[in-house]
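Data block below; observations after.
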Amino acid sequence: MKIASWNVNSLNVRLPHLQQWLQDFAPDVVALQETKLEDSKFPDAALAELGYRSVFCGQKTYNGVALISRLPFTSECVTAIPGFDDPQKRVLAATISAPGSQDPAQAIRIVDLYVVNGEAVGSEKFEYKLRWLAAVREWLREEMRQHPNLVVLGDFNIAPDDRDVHDPKRWREKILCSTPERESLRGLLDLGLHDSFRLHNEDGGHFSWWDYRLAAFQRGWGLRIDLVLVSEALRARCVAAGIDTAPRERERPSDHTPVWVELA
DNA sequence: ATGGTTGACGTTCAA
């Protein structure tokens, strides 16, 4: 069972890329970020033609998240961080039934996050990022209690450590790499979540995002800021994890490329 | 040289 995450940076523009990638990679579940679409504009019919059900929570111009799945959703989705007042559409949680099983204990909880970018360390948006992450932590604590089979994935807008940065000196204490952001991510992992990529790859130089500017992708100037976190119960079933750079090679790509995990 | 690019109800903002 393959579960992936992709910040598409406008699903309106990237729908053909997504359709192609669904056929090439055949994921079972994909979490999308930055759809930038109101719910009435979501292309659920086009995705249904490829065998995917959709749930989504979007807004015009900015943000927007969605989950698409070949397996049925078994619950109503959650579209906001409980108790955290926020007009920005950045979270979506749903439960899917395991392949070939109706057993609720086998179901998998998926939490899709589009973490606040934060603009610059010390800015107002940076403070919002840290507050937002603190609220997510309390929410995930409760999600973990209710769902042993938990996957938390998305655009975290945080590179976990210097192996995840093409030039750590240049990025030292900069946005996406600062100590407060990394400590906030550590707070999520300390709930009992594991960075699936690091279960299978210890080395640096693997990235999921490259700035559009300065031909960063061609120069290898990337960061690994898109993550798939798995709970302890799913850690044992995590047989592979990776990053598929093929969509980033295409014409008019998203600045992010899909990251994925395979569960036995 | 504080650089440049993409997307969106674009003449600016967010990433």
Side-chain angles (χ1 to χ4, degrees), chain A residues 5-21 30-43 46 56-66 81 85-92 112-133 136 153-160 164-178 180-182 184-185 207-227 243 245-259:
Chain A
S5 173
W6 191 5
N7 179 325
V8 291
N9 188 16
S10 171
L11 186 52
N12 195 34
V13 173
R14 232 65 69 187
L15 180 60
H17 289 207
L18 176 61
Q19 289 169 312
Q20 185 64 54
W21 190 70
V30 186
L32 302 173
Q33 304 88 36
E34 284 205 87
T35 55
K36 301 185 178 181
L37 287 176
E38 289 176 289
D39 290 348
S40 62
K41 306 265 178 70
F42 194 89
F56 35 85
C57 176
Q59 64 189 94
K60 204 187 292 183
T61 309
Y62 303 117
N63 309 309
V65 283
I81 304 167
D85 188 30
D86 187 0
Q88 301 195 21
K89 305 297 192 186
R90 295 178 173 277
V91 304
L92 184 60
D112 180 11
L113 302 179
Y114 174 43
V115 175
V116 175
N117 173 284
E119 189 184 28
V121 174
S123 68
E124 209 167 284
K125 287 173 188 167
F126 185 73
E127 297 307 316
Y128 165 51
K129 181 176 196 172
L130 298 184
R131 283 201 315 277
W132 191 93
L133 285 163
V136 163
L153 76 176
D155 176 0
F156 282 73
N157 269 318
I158 301 171
D164 305 309
V165 182
H166 70 95
D167 184 349
K169 278 184 190 166
R170 182 192 179 95
W171 282 87
R172 190 176 170 278
E173 295 301 332
K174 294 284 195 293
I175 194 69
L176 314 182
C177 299
S178 74
E181 293 168 274
R182 286 176 170 174
S184 293
L185 176 60
F207 309 128
S208 66
W209 169 82
W210 300 260
D211 199 298
Y212 282 125
R213 295 165 286 191
L214 300 171
F217 180 66
Q218 288 75 8
R219 292 164 138 154
W221 294 353
L223 271 64
R224 190 174 70 92
I225 56 175
D226 299 88
L227 309 176
I243 302 172
T245 55
R248 191 64 176 80
E249 311 261 5
R250 296 190 57 182
E251 205 172 313
R252 211 179 175 196
S254 168
D255 46 352
H256 296 252
T257 211
V259 299

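Proteins get letters first, then strands, A, B, ... in listed order; numbering begins at 1 in each. Remember, predicted model here, so these are calculated numbers, not experimental data.
The number of heavy-atom neighbours closer than 6.0 Å to CZ of A:R172, taken from other residues, nucleotides and ligands shown, is 12 or below. Residue A:E124 qualifies as open at atom CD: its count of foreign heavy atoms under 6.0 Å is 12 or below.
With rounding to whole Å, A:R170 atom CZ is found 13 Å from B:dG4 atom P. One can place CG of A:N9 at 10 Å from C1' of B:dA8, the figure rounded to the nearest angstrom. Taking atom CZ on A:R213 and atom C1' on B:dG3, their separation rounds to 10 Å, with Å as the unit. For the pair A:Q88 CD and B:dC13 P, the computed distance is 16 Å after rounding to whole Å. Put simply, CG on A:D255 is 11 Å from C1' on B:dA14, counting in whole angstrom units. Rounding to whole angstrom units, CD of residue A:E34 and P of B:dC13 are separated by 18 Å. What separates CZ of A:R248 from C1' of B:dT6 is a distance of 10 Å, to the nearest Å. In this structure, A:K60 places its NZ atom 10 Å from P of B:dG10, rounding to the nearest Å.
Atom name P, nucleotides B:dG3 and B:dC13: the rounded distance is 16 Å, in whole Å. For the C1' atom pair drawn from B:dT5 and B:dG10, the interatomic distance equals 15 Å after rounding to whole Å. A gap of 15 Å separates the C1' atoms of B:dG4 and B:dA14, to the nearest Å. Comparing the P positions of B:dA15 and B:dC9 gives an interatomic distance of 15 Å, to the nearest angstrom.
Looking at the side chain of A:Y212, the nearest of the listed nucleotides B:dA8, B:dT5, B:dC9 is B:dT5. Listed nucleotides: B:dG4, B:dG7, B:dC9. Nearest to the side chain of A:K36: B:dG7.
Here the closest heavy-atom approach between residue A:L176 and residue A:K129 is recorded as CD2-NZ, 4.0 Å. When all heavy atoms of A:N157 and A:V115 are compared, the closest pair comes out as ND2-O, 2.9 Å.
Residue-level contact check: A:R90 touches the backbone only, with heavy atoms under 4.0 Å from sugar-phosphate atoms and none from bases.
The aromatic rings of A:W221 and A:H166 sit parallel, their planes meeting at an angle under 30°, below the 60° perpendicular limit.
Residue A:R252 has a polar side-chain atom (N or O) positioned under 4.0 Å from OP1 or OP2 of B:dG7.
Seen from the ring of A:W6, A:R14 does not count as a face-on cation partner, given the 6.0 Å and 45° thresholds.
Mapping A:T61 and A:N7 onto DNA chain B by nearest heavy atom places A:T61 at the nucleotide closer to the 5' end.
For the segment residues 114-125 of chain A, the set of residues with a heavy atom within less than 4.0 Å of an atom of DNA chain B comprises A:Y114, A:N117, A:K125, in numerical order.
Every residue meeting the side-chain contact (heavy atoms from CB on, under 4.5 Å) condition with A:E249, not counting sequence neighbours, appears here in chain and number order: A:F217, A:T245.
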